[in-house]
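Just below is one structure, and these are the notes that go with it.
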Amino acid sequence: MTTLQSRPATQETQQPVHPAPDAPTRLIVAMALAQLGAYLTILTPVVVTMSIRVAQIAPGNKASALGTVLSVGAVLALIGNPFFGAMSDRTTSRLGRRRPWLLGGMLLGFAGLMVVALGSSIPVLTAGWAVAQLGVNATLSTLTALLPDQIPARQRGKVSGILGLMTSVAILVGSALAAALAGSALLMFAVPSAIGVATVVLLVIIVKDRPAEKGHFGPYRFTDFLRTFYINPRRHPDFAWNIVSRFLIWMGLASVSTYQSYLLIDRYGYTTDNVANGILVATLISTVGLVVGSSFGGTLSDRIGRRKPFVLGAGVVVAAALALIAFADSFTVFLVAVAFFGLGQGVYLAVDLALATDVLPNPDDAAKDMGVMNIANALPQSLVPILAAPILAIGSSDNSNYSLLFLLGAVVAVAGSILVRMVRGAR
């Protein structure tokens, strides 16, 4: 019997493999600012200014009219996210494959919001919001792809936490701007979106982008677009389960962000003239919780190398907060609830993107796949307004059964956090 002798290691085989260098701080800062600007542009209307604008134009049926405007825009966001992500993956421009969509999307979003600001009917508001959603989601799908593009795996939890934090910072800044600019519909929409354009321009200048390799991708056909909405659960079970988990948790989160204005008006005595001030106070409180949760969640997740326990814990905290909001009989109790809501949301957002990048099916299609993943948080923006109108009418003569709406949000948030246990490829 002969034994195989191992060959002496050559200089080539002995050469150590050097890990990718850390992403530069200026890039992380630019990504965070662009994330802040994009969400400032699109979330300020969702949380504050669109509800005010709709109530000014159609005060008699504000809840159903708001649902119409937001749901149409969110459906287009649902379509636009994976489409623009796929286009970004395939772009061979000398400017790179991400830059054109980052900037072009924000400019289109700005134009759509100007239509919203100057429109005087629900159909015009709906059309402007649809354009804005398409544009900003082109930017957001591309921004999301920069995480696997530009950030090494060992930094993604930390950077994901920073990017997740920008969502609530955007809501806070947007609420403050809405309160300060409440006297002018034009400025309420123009100022946040102008800030968004400026922050994305900064990122476009800083990011080192590269074009897609010519010939690497085949022609993009309509059937390819349709296939982006389908993930084979047998081939990519972790990706599919993460989408389901993410969708349910975001259904719970969207129940607060969409109808917070009308809750304050109908339950706590606010009006369209001062509701932005109430939202600003609530957002300040929730942001404190979110900062604590995001800082703790992202850093600790990277340190111990685990994501799923944080998602599970965050979902339980969010659900408890929603249950408290459902029965809050005073604005003070509501503020206590939103503090816990912010804490749970912060922990979730800190690990959400990091978990998503851990289970991507194909790194070459990162923008497309992250666009599909983003459906899970875009679709609730569409479904919650559609489902909320009949839910609010159950057992209520004035369409204000907010308790049932928030309790249902709590149930789906818990369900989503439990289902993350089905993701086997992440810890």
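Remember, it's a predicted structure, so these values are computed and weren't measured experimentally. The analysis underlying the following values was restricted to heavy atoms, covering all of them including side chains, and did not include hydrogens, waters or symmetry mates.
Nearest heavy-atom pair, Ala413 versus Val318, reported as atom, atom and distance to 0.1 Å: CB-CG1, 4.2 Å. Closest non-hydrogen pair, Leu186 versus Ala117, comes out as CA-CB, 3.8 Å. Residues Phe331 and Val281 approach most closely at CE2-CG1, 4.3 Å, considering heavy atoms. Residues Ile206 and Leu27 approach most closely at CG2-CA, 4.1 Å, considering heavy atoms. Taking each heavy atom of Thr139 and Trp101 in turn, the nearest pair found is OG1-O, 3.6 Å. The shortest heavy-atom contact between Ala337 and Ile325 is CB-CG1, 3.3 Å.
Checking side-chain atoms of Arg99 against main-chain N and O of Val204 turns up a donor-acceptor pair under 3.5 Å. For Arg98 (side chain) and Ala145 (main-chain N/O), no donor-acceptor pair under 3.5 Å exists by modelled atom type. In this structure, Tyr262 contributes its side chain and Ser51 its backbone to a donor-acceptor pair below 3.5 Å.
By the 4.5 Å heavy-atom criterion applied to side chains, Phe334 and Arg267 are not counted as neighbours. Residues Leu253 and Phe341 are in side-chain contact: their nearest non-hydrogen atoms beyond the backbone lie under 4.5 Å apart. Within the 4.5 Å cutoff, the side chain of Pro45 has no heavy atoms near those of the Val116 side chain. Taking 4.5 Å as the limit, every side-chain heavy atom of Thr142 sits out of range of all side-chain heavy atoms of Phe84. Taking 4.5 Å as the limit, some side-chain heavy atom of Leu407 sits within range of a side-chain heavy atom of Phe327. A heavy-atom distance below 4.5 Å is not found between the side chains of Leu33 and Leu203. For the pair Val311 and Tyr348, the minimum side-chain heavy-atom distance is below 4.5 Å. By the 4.5 Å heavy-atom criterion applied to side chains, Ile171 and Ser175 are counted as neighbours.
For the atom pair CG of Asn274 and CG of Leu280, the computed distance is 12.0 Å after rounding to the nearest 0.5 Å. For the atom pair Leu108 CG and Gln133 CD, the distance stands at 11.5 Å (nearest 0.5 Å). In this structure, CG on Leu134 lies 11.5 Å from CH2 on Trp129, to the nearest 0.5 angstrom. In this structure, CG on Leu408 lies 9.0 Å from CG on Asn401, to the nearest 0.5 angstrom. The distance from atom CD1 of Ile195 to atom CG of Leu36, rounded to the nearest 0.5 Å, is 8.0 Å. Ile279 CD1 to Tyr270 OH: the interatomic distance, rounded to the nearest 0.5 Å, is 9.5 Å.
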Going through the distances and angles, do Leu163 and Leu143 end up as a side-chain contact (heavy atoms from CB on, under 4.5 Å)?
-> CA-CA 10 Å; Leu163 298 181; Leu143 269 173; over 6 Å; no
Show your working on side-chain contact (heavy atoms from CB on, under 4.5 Å) between Leu263 and Phe406 and close with a plain yes or no.
-> CA-CA 11 Å; Leu263 173 68; Phe406 295 130; 3.8 Å; yes
Starting from the C-alpha separation in whole Å, work towards a yes-or-no answer on side-chain contact (heavy atoms from CB on, under 4.5 Å) for Thr44 and Leu177.
-> CA-CA 9 Å; Thr44 302; Leu177 289 173; 5.8 Å; no
Audit row: Ser245, Asn242, side chain to side chain donor-acceptor pair (under 3.5 Å) steps and yes/no = CA-CA 5 Å; Ser245 170; Asn242 194 39; 5.0 Å; no
Apply side-chain contact (heavy atoms from CB on, under 4.5 Å) to Leu70 and Met50, showing your working.
-> CA-CA 9 Å; Leu70 294 182; Met50 187 66 78; 4.1 Å; yes
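In the displayed structure, Phe247 atom CZ is contacted under 6.0 Å by more than 12 heavy atoms of other residues, nucleotides or ligands.
Scored by the side-chain contact (heavy atoms from CB on, under 4.5 Å) test, Val412 finds Leu248, Met251 as partners (sequence neighbours excluded).
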